[in-house]
Structure formats: C-alpha cells, structure tokens
Amino acid sequence: MGRAPIILAVETSCDETAVAVLRGPGTILASEISSQIALHRPYGGVVPEVASRNHLTHLRPVFECALEKAGVALTDVDAFAATSGPGLASSLLIGHTTAKALALGCGKPFYAVNHLEGHLLSPFQPQAATGAEMIPEVAPGVALVVSGGHTLLVDIAGFDRYRILGRTRDDAAGEAFDKGAKLLGLPYPGGPEIERTAQAGSARAFAFPRGLMERGNLEFSFSGLKTSLLYLWQDLTPDQRRDRLPDLCASFQEAIVEVLVAKTMEAVRQTGRSKVAVSGGVSCNQALRARLEVAARERGVDLLLAPRALCTDNAAMIAFVALLKLAHGAVPTSLQNDVDPNLALLDYSS
Ligand code: KG4
Ligand code: ZN
C-alpha cells in the first residue's frame with residue numbers, strides 16, 4: 001500500500017456511540033462521539049437497555065457524519081475495527097456487528113480491539129501526521145489505566161506485550177467518583193462534577209482513608225473510601241452538607257488522586273521503567289494530571305498523558321490499536337468473532 005492506511009473504527013462498549021476515521025497513526029480525520037450522558041443522568045448511571053437502544057438509533061448518523069467529516073468514501077477504507085469487550089454485551093454487539101458487516105460488505109479486513117488496550121495505548125497516539133511508514137513505537141513503561149470500569153497498573157514491554165501489575169479489588173477509580181458524587185447529590189458522571197466542585201474546597205479538610213497503602217502493594221481498593229464518605233455525610237446537617245460540599249469533594253478527590261499517584265510511582269520503582277503512560281476517563285482530572293507531573297519530575301521519569309480528547313471513550317483509540325495490529329502484521333479477526341463483556345487484557349508473560 002503506497003499511502004497511509006485508512007482505518008474506520010466503531011466504539012459502543014458503554015454509553016458513547018463513537019466512530020473514528022484514522023489515516024496513518026497520526027491523522028485523526030474524524031472522531032465523532034454521540035454521548036448518552038443526558039439520557040442516563042436521571043438514573044444516576046448507565047442503564048444497559050437504554051444504552052443499546054440508543055446505539056442502534058445513533059450509530060448510523062454518527063457513522064455518516066464521520067465519513068463526511070473525514071472526506072473519505074467507504075471504498076477508501078482499508079480496514080474496519082470495533083471494540084469487542086470489555087463492556088455491556090448489548091452495547092458492544094451494536095458496534096461490533098456493524099463493523100463486521102461493513103468489513104464483509106467492502107471485502108476488507110476486520111480487527112476486534114480490546115477497549116482496555118485502546119485506553120492503554122492512547123498516550124502513544126501521535127498528535128500530528130507522520131509518514132505512512134512511521135509507526136510509533138510503544139515504548140516500554142508503566143501504564144495506569146483509570147476509567148469508570150477499570151483501574152489497572154500495567155507493565156508495557158512493547159506493543160501487545162503487557163503484564164498486569166495491579167488492579168482494583170472492588171470499585172474502579174471512576175466508579176468511586178461516580179458513586180461518591182451520587183451520594184453527595186451531584187449528577188452523573190461524578191468525576192467532572194466532583195472536580196468542578198472541589199475547586200472551591202480544601203483537599204485537607206477531611207481525612208478520608210487510603211486503601212492498601214502498605215509499601216509494595218500495587219492493588220487498589222476504593223470501597224472503604226465510599227463507606228467513609230457515606231458515614232460522614234449521614235452525620236452532617238443540611239446546612240453543613242451545603243457549606244462543606246466543596247471541602248468534601250476536594251478531600252474525596254485528593255484521597256483517590258494520592259493513591260493513584262503513589263501506586264504508579266511504586267510500580268515505577270518495582271519495574272525500573274523510565275516512562276509512565278496514563279489514560280482513561282479519570283485521567284481527564286486536572287488534579288491527577290498535575291500531581292502526576294510533579295511526581296514524574298521528582299522521580300526523573302517521562303510522563304505520557306493521553307490527550308484530553310482521547311481520555312474518555314472514543315473510537316480514535318480503537319482505530320489506533322487496529323492500525324498498530326495492521327502494521328505489526330497481526331492476522332485480521334475472523335468474522336465469527338463474538339463480543340466478550342469480560343474480555344481481559346492478555347498477559348504476555350503467562
Ligand atoms: O474511560 P471512560 O470514558 O469510560 C470507561 O471506560 O469506563 O471513563 C468514564 C469515567 C467516569 O467514571 C467518569 O466519572 C470519569 O471517567 N471521569 C472523571 C473525569 N472525567 C471523567 N473522573 C475524575 N475527574 C474527571 N475530570
Ligand atoms: Zn473506557
């Protein structure tokens with residue numbers, strides 16, 4: 001192929017209907033996202049049935065919009081990709097089936113992509129166009145993936161060579177933000193709401209617990225934090241609840257950020273890696289980004305933060321993984337491939 005390959009990817013693992021068109025690794029021709037947040041907000045979280053029905057109605061217009069913005073015809077696309085898991089089965093099926101049908105209809109290869117690998121590699125996605133042959137190196141390092149469903153520390157030895165160092169035993173970091181916000185009467189999704197409210201508060205006002213902080217432990221636990229917030233909240237009067245809300249948010253956020261940064265740096269210490277890559281919806285959080293920058297500088301490691309537009313769910317990160325698969329000569333995925341709501345990130349060392 002003389003020109004840079006064009007990949008069209010679909011992401012429907014949860015509540016965003018997303019389609020992206022990528023040309024080569026660094027040119028996102030289009031990355032369209034139709035968010036269902038407003039639809040799920042009254043329920044305080046994602047309702048699977050509502051999500052899948054909306055993917056069904058939104059996918060076609062999002063797909064058409066992406067192609068139009070990208071200025072490419074369907075026949076220009078060299079490969080199709082879709083998230084095959086983890087996520088909500090009924091949501092995954094919509095995007096996955098659509099991409100397989102497109103691949104079949106156009107006679108082009110299909111690549112199933114693990115949503116977690118999409119987040120994991122998003123800090124490596126070039127931000128500017130490179131030549132067709134310039135496939136970015138997935139450099140060895142420690143990665144922190146922090147989203148609504150997952151909190152993972154991963155040792156990256158290279159593309160497709162991942163080893164899980166630690167994960168959460170209970171709630172994911174984003175889930176802790178979302179559940180904490182719900183308890184405080186803030187709307188879904190909780191992360192951005194807590195971050196916004198925290199700006200007027202003090203991170204030292206309340207002492208929330210930090211789970212599993214003994215040296216060497218790379219696992220996470222956020223359920224004690226949630227319980228501690230519940231007990232504190234129950235003891236406050238309505239006036240206190242209103243007046244202390246910014247302090248509660250700032251201290252709650254601090255407890256999550258501190259644990260994420262400390263464990264990431266502990267993973268760096270244990271592995272001896274000199275790069276840290278951070279991704280997932282929670283990595284939008286400015287307090288987390290700032291603290292990681294300070295910690296990385298202190299430790300003398302390079303910090304790769306996923307660009308904000310690629311932190312929360314999007315299809316550009318899925319297209320990027322598919323492009324890397326193509327570039328590394330991976331065999332296309334069979335059209336018999338099914339979605340897997342519990343798809344794990346494969347450990348290459350086991
Ligand atoms: O990666 P993502 O879009 O979806 C999953 O794969 O789960 O992450 C969504 C999560 C939600 O829990 C949301 O509250 C959290 O990311 N989030 C944030 C922020 N923006 C999104 N958490 C903290 N601070 C933010 N600014
Ligand atoms: Zn995600």
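For reference, positions follow the sequence shown, starting with 1. Since we're looking at a predicted model, the values are computed, not measured.
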Quiz item: Can you hop from Leu59 to Leu88 via hydrophobic side chains spaced under 4.5 Å?
Solution: no
Quiz item: Name the one of Asn337, Asp338, Thr12 that satisfies side chain to side chain donor-acceptor pair (under 3.5 Å) with His96?
Solution: Asn337
Practice problem: Tell me yes or no: between the side chains of Asp170 and Ser221, is some donor less than 3.5 Å from an acceptor? | Solution: yes
Practice problem: Check whether any side-chain heavy atom of Arg3 lies under 4.5 Å from a side-chain heavy atom of Arg23, and answer yes or no. | Solution: no
Quiz prompt | Residue from Ile33, Thr83, Leu92 passing side-chain contact (heavy atoms from CB on, under 4.5 Å) with Glu11 | solution = Thr83
Self-check item: Minimum heavy-atom distance between Ala99 and Phe110, given as atom pair plus value
Solution: CB-CE1, 3.8 Å
Practice problem: Identify the two heavy atoms, one from Tyr348 and one from Ala157, that lie closest to each other, and give their separation to 0.1 Å. | Solution: OH-CB, 3.5 Å
Self-check item: Rounded distance [0.5 Å steps], CD in Glu117 versus NZ in Lys325
Solution: 5.0 Å
Practice problem: Drop me the distance from Phe222's CZ to Leu260's CG, to the nearest 0.5 angstrom. | Solution: 4.5 Å
Quiz item: With the 4.5 Å side-chain cut-off for hydrophobic clustering, are Leu56 and Val50 part of the same group?
Solution: no
Quiz prompt | Step-by-step salt bridge (charged side-chain N to carboxylate O under 4.0 Å, His left out) determination, Glu293 to Arg297 | solution = CA-CA 6 Å; Glu293 268 162 16; Arg297 210 175 309 126; 5.0 Å; no
Self-check item: Thr197 side chain to Cys249 backbone, donor-acceptor under 3.5 Å
Solution: no
Practice problem: For Arg242 and Pro246, work out which heavy atoms get closest and say how close. | Solution: O-CD, 4.1 Å
Self-check item: Value rounded to 0.5 Å, distance of CG in Leu288 from CD in Glu254
Solution: 10.5 Å
Quiz item: Is the closest side-chain donor-acceptor distance between Glu195 and Gln199 under 3.5 Å?
Solution: no
Quiz prompt | Gln336 atom CD: more than 12 heavy-atom contacts under 6.0 Å | solution = no
Practice problem: For the pair Val142 and Leu153, evaluate side-chain contact (heavy atoms from CB on, under 4.5 Å) and give the outcome as yes or no after the intermediate values. | Solution: CA-CA 7 Å; Val142 161; Leu153 272 170; 4.1 Å; yes
Quiz item: Around Lys69, counting heavy atoms of other residues, nucleotides and ligands shown, do more than 12 lie under 6.0 Å from its NZ?
Solution: no
Quiz prompt | Within 6.0 angstrom of Glu68 CD, more than 12 heavy atoms from elsewhere | solution = no
Quiz item: Looking at side-chain heavy atoms only, is the closest gap between Asn285 and Ile256 below 4.5 Å?
Solution: no
Quiz item: Any donor and acceptor pair, going by atom type alone, linking the side chain of Lys100 with main-chain N or O of Leu335 inside 3.5 Å?
Solution: yes
Exercise. Decide yes or no on side-chain contact (heavy atoms from CB on, under 4.5 Å) for Glu16 and His58, but give the supporting numbers first.
Key: CA-CA 10 Å; Glu16 328 275 9; His58 288 129; over 6 Å; no
Quiz item: What's the spacing between Asn314 CG and Ser122 OG if we round to 0.5 Å?
Solution: 7.0 Å
Self-check item: Basic-acidic side-chain contact under 4.0 Å: Arg196, Glu193
Solution: yes
Exercise. Spell out, as yes or no, whether a donor-acceptor pair under 3.5 Å connects the side chain of Lys263 to the backbone of Phe220.
Key: no
Quiz item: Would a 4.5 Å heavy-atom cut-off, applied to side chains only, mark Cys311 and Arg289 as touching?
Solution: yes
Quiz item: Do the side chain of Arg273 and the main chain of Val268 share a donor and acceptor less than 3.5 angstrom apart?
Solution: no
Exercise. Please tell me if the side chains of Phe177 and Asp171 come closer than 4.5 Å, counting only heavy atoms from C-beta onward.
Key: no
Exercise. Report whether Leu305 and Leu310 are members of the same hydrophobic cluster (ILVMFWY, side-chain heavy atoms less than 4.5 Å apart, transitive linking).
Key: no
Quiz item: Hey, does Leu8 have a side-chain heavy atom less than 4.5 Å from the side chain of Leu67?
Solution: yes
Practice problem: Starting at CZ of Phe208, measure out to CZ of Arg210 and round the result to the nearest 0.5 Å. | Solution: 9.0 Å
Practice problem: Please check if the side chain of Ser202 supplies one atom and the backbone of Arg204 the other of a donor-acceptor pair under 3.5 Å. | Solution: yes
Self-check item: Residues Arg60, Glu64: salt bridge by 4.0 Å N-O rule
Solution: yes
Quiz item: Is there a path from Leu346 to Leu343 through hydrophobic residues (I, L, V, M, F, W, Y) whose side chains come within less than 4.5 Å of each other?
Solution: no
Self-check item: Close side-chain approach of His115 to His119, heavy-atom, < 4.5 Å
Solution: yes
Quiz item: Any donor-acceptor pair under 3.5 Å linking the side chain of Asn342 with the backbone of Pro86?
Solution: no
Quiz item: Are the side chain of Asp178 and the backbone of Gly190 linked by a donor-acceptor contact shorter than 3.5 Å?
Solution: yes
Quiz item: Is Ser13 reaching over with its side chain to a backbone N or O of Gly87, donor-acceptor style, under 3.5 angstrom?
Solution: no
Quiz item: Any idea which heavy atoms bring Ile37 and Tyr188 closest together, and the distance?
Solution: CG2-O, 3.8 Å
Quiz item: So does Asp15 pair up with Arg41, basic N to acidic O under 4.0 Å?
Solution: no
Exercise. Using the side-chain contact (heavy atoms from CB on, under 4.5 Å) rule, take Leu74 and Phe63 through it: C-alpha gap first, then chi angles, then the decisive distance, then the call.
Key: CA-CA 10 Å; Leu74 206 47; Phe63 162 77; 3.8 Å; yes
Self-check item: Any donor-acceptor pair under 3.5 Å from Ser52 side chain to Glu49 backbone
Solution: yes
Exercise. Without swapping roles, check the side chain of Ser228 against the backbone of Gly224 for a donor-acceptor pair under 3.5 Å.
Key: no
Quiz prompt | Minimum heavy-atom distance between Arg244 and Ala205, given as atom pair plus value | solution = NH2-CB, 3.9 Å
Exercise. Determine the minimum heavy-atom distance between Ala81 and Ile7, stating which atoms define it.
Key: CB-CG2, 4.4 Å
Self-check item: Euclidean distance, Arg291 CZ relative to Gln253 CD, rounded to 0.5 Å
Solution: 9.5 Å
Exercise. Run the numbers on Leu120 and Asn114 for side-chain contact (heavy atoms from CB on, under 4.5 Å), then give the verdict.
Key: CA-CA 10 Å; Leu120 183 78; Asn114 183 319; over 6 Å; no
Quiz item: Would you call Gln125 and Leu22 a side-chain contact if the rule is heavy atoms closer than 4.5 Å?
Solution: yes
Quiz item: Going by the angle between their ring planes, with limits at 30° and 60°, are Phe159 and Tyr162 parallel, tilted or perpendicular?
Solution: perpendicular
Exercise. Would you kindly confirm whether Leu218 and Val282 end up in one hydrophobic cluster when ILVMFWY residues are joined by side chain heavy atoms under 4.5 Å apart?
Key: yes
Exercise. For atom CZ of Arg53, decide whether the heavy atoms of other residues, nucleotides or ligands shown that lie under 6.0 angstrom number more than 12.
Key: no
Quiz prompt | Other residues, nucleotides, ligands: >12 heavy atoms within 6.0 Å of Lys182 NZ | solution = no
Quiz item: Can you check whether Pro332 reaches Tyr111 side chain to side chain, under 4.5 Å on heavy atoms?
Solution: yes
